[in-house]
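Convention: sequence-line order gives letters A, B, ...; per-chain numbering from 1.
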Amino acid sequence: MNEKIIAILFSSGKAVSVKMLAKLLEASASDIPAVLDRLVKEYNTKSSALYVLVHDGSVQLVSNPAYAELVSQVSKEEVSGELTRPQLETLAIICYRAPVTKPEIEQIRGVNCSLIIRNLLMRGLIEERDDMAKLQPVYTASIDFLRHLGIGAITKLPDYTHFHADERIGKLLTEASVPEV
Amino acid sequence: MNEKIIAILFSSGKAVSVKMLAKLLEASASDIPAVLDRLVKEYNTKSSALYVLVHDGSVQLVSNPAYAELVSQVSKEEVSGELTRPQLETLAIICYRAPVTKPEIEQIRGVNCSLIIRNLLMRGLIEERDDMAKLQPVYTASIDFLRHLGIGAITKLPDYTHFHADERIGKLLTEASVPEV
Amino acid sequence: MSFEAKLDAFSGPLQILLELIENKELEITNVSLAKVTDDYLVYLEKQDVPSEELADFLTIAARLILIKSHALLPEIKLEEDADALASQLKLYKEFVTAAEHLERIYGEGRISFARGRTPAVTEEIIFAPPSNVSIQSLQIAFLYLMKRLEPFFALRQVSMQKVVSVQERIKHIHEALKARAMMTFRDITAGAQSKLDVVVSFLALLELTKQRLVKVVQGVAFGEIELKRVD
């Protein structure tokens, strides 16, 4: 039971209500608090990696506060330093072809880009918004990033018109709108 | 050390390179594999909540595949779709013989594999990197694909040693190198 | 269906060959390959092989025809490695087994899930411009991407040309037969640039026979193939 709860909390990534836990475990909600008590006693030790937080009828898995400094170092590493070549390419596609969807970016790069897009978002280089026509999020360069590049508008990028309207890429993107099988 | 690694992997949420781990732990990268070996032995048990997945120089903390059904109810992750027979064949060659080049894959399948490889790359099931010795790109399974197979390491594939290192297959690979028509 | 999806679902030439041999419960040997050559050609004729894969199918056809010629007429010399195709097929068979393993595990749905995440947008975003990004590096990155897509665009172009070539060959033979009632296969392939070219002609011939536009006569095995116009 304990291990099942940890697996649920881990994959959910957010606080899970006691009611929901009971439902998932096919147990009675009234039994859960006692189970959680034991779990907390077992998990939340001075040196354990993860803590079980019970608060206001919800449970969440977090890292042990003792490692707070290490953990903040992890997120700092993720958004610092130079861009890798795949990151730079993805950013270039978003700058020249915006507004562009993830499947479209992937058609051009020929590689899955989920993690890269997420990282560019976290660094504030790009922005995400919902597109009514494409029915999925589209990405554009952020204002902060344009300012950083020292250009007033994205169209001021070198070769903008040429790259933005390239016919062969346009044709490739038409196919990206076909849903994946 | 173990608990620190788990805290790092937990807070990152995705695959962390051995190099990055060493940096965060202020340890030597050459010491990490032995530490990970011990961690895997300790963590990846039949009923543990979480698994430590080690693949191709990266480590990721994931849920135990034994709880897949339970966890799939809370995870937002999209389950990747069906694989066609040609895709499975290509994936099998890449999983069992990695790192392999495109000509090697084509030699086994007897058919041009450019588009299939591109498709697998876009779905994030395989990864491409440049190989200094072979002077061309080589392909390996992605850590995401390993997660979907529910195995803790590529060597856990059935008959891995047979397909990966078998002398007869090596000999056949040499023999099968056919002059271009 | 998209360009890639269509190809992804199509069986390769070795898969077909393996199925033909296994249906007859034969071992993978040169003798077996000779025995299934006709079946393979019939398959090629009947199936709509995607144009992108036609060259690979024809290559195998050419090698099969050579092996069959050797089986029937041992004086015909095979190339240096006589068992290359049999070896390749055995190797392929190994990986068919490996693919079955993979399919089984994949189908079990024993997935290890990653840690759940809150959507990135709600997380704290710190503007962290990297030092290696400028308008020039973005331009170069995009140029590099376009260059990398070149072979991919070219591949589609070549595929298209291949379809055209079989159809053109059909037209060419048909036209030639309008001028004279009879010709030989050697006449058609006189200007052939490669083995592939010969096989393309052969395929065109099969197609014309199927459409009953020509009648084909071969007096002796591996003798001259004569084409006659069907009036």
| message | For the interface with chain A, which of C/Ser134, C/Ala114, C/Ser131 has the highest count of heavy-atom pairs at distances below 4.5 Å? | response | C/Ala114

| Near A/Lys134 NZ, under 6.0 Å, is it more than 12 heavy atoms from other residues, nucleotides or ligands? | yes

| Say you draw a straight line from CD1 of C/Ile135 to CG of A/Asp159; how long is it, rounded to the nearest 0.5 Å? | 11.0 Å

| note | Among residues 141-149 of chain C, residues within the sub-4.5 Å heavy-atom range of chain A, in order of number, are C/Ala141, C/Phe142, C/Leu143, C/Tyr144, C/Leu145, C/Met146, C/Arg148, C/Leu149

| request: Name the region of A/Ile151, side chain, backbone, both or neither, that has any atom closer than 4.5 Å to a heavy atom of chain C. | output: side chain

| If you count heavy-atom pairs under 4.5 Å between each of A/Ala92, A/Ser12, A/Ala7 and chain C, which one has the most? | A/Ala92

| query | Crowded around A/Leu53 CG? As in, over 12 foreign heavy atoms under 6.0 Å? | reply | yes

| query | For the candidates A/Arg97, A/Lys156, A/Arg123, A/Gln87, which exhibits the highest count of non-hydrogen atom pairs separated by less than 4.5 Å from chain C? | reply | A/Arg123

| request: Can you see which heavy atom on C/Pro130 is nearest to which on A/His148, and at what distance? | output: O-NE2, 4.0 Å

| Between A/Arg109 and chain C, which part of the residue has a heavy atom less than 4.5 Å away: side chain, backbone, both or neither? | both

| note | Whatever's closer than 4.5 Å to a heavy atom in chain C on A/Leu88 counts as both

| Minimum heavy-atom separation for C/Leu138 to A/Tyr96, with atom names? | O-CE1, 3.8 Å

| request: Look up atom CZ in C/Phe127 and atom CZ in A/Phe145, then write down how far apart they are to the nearest 0.5 Å. | output: 7.0 Å

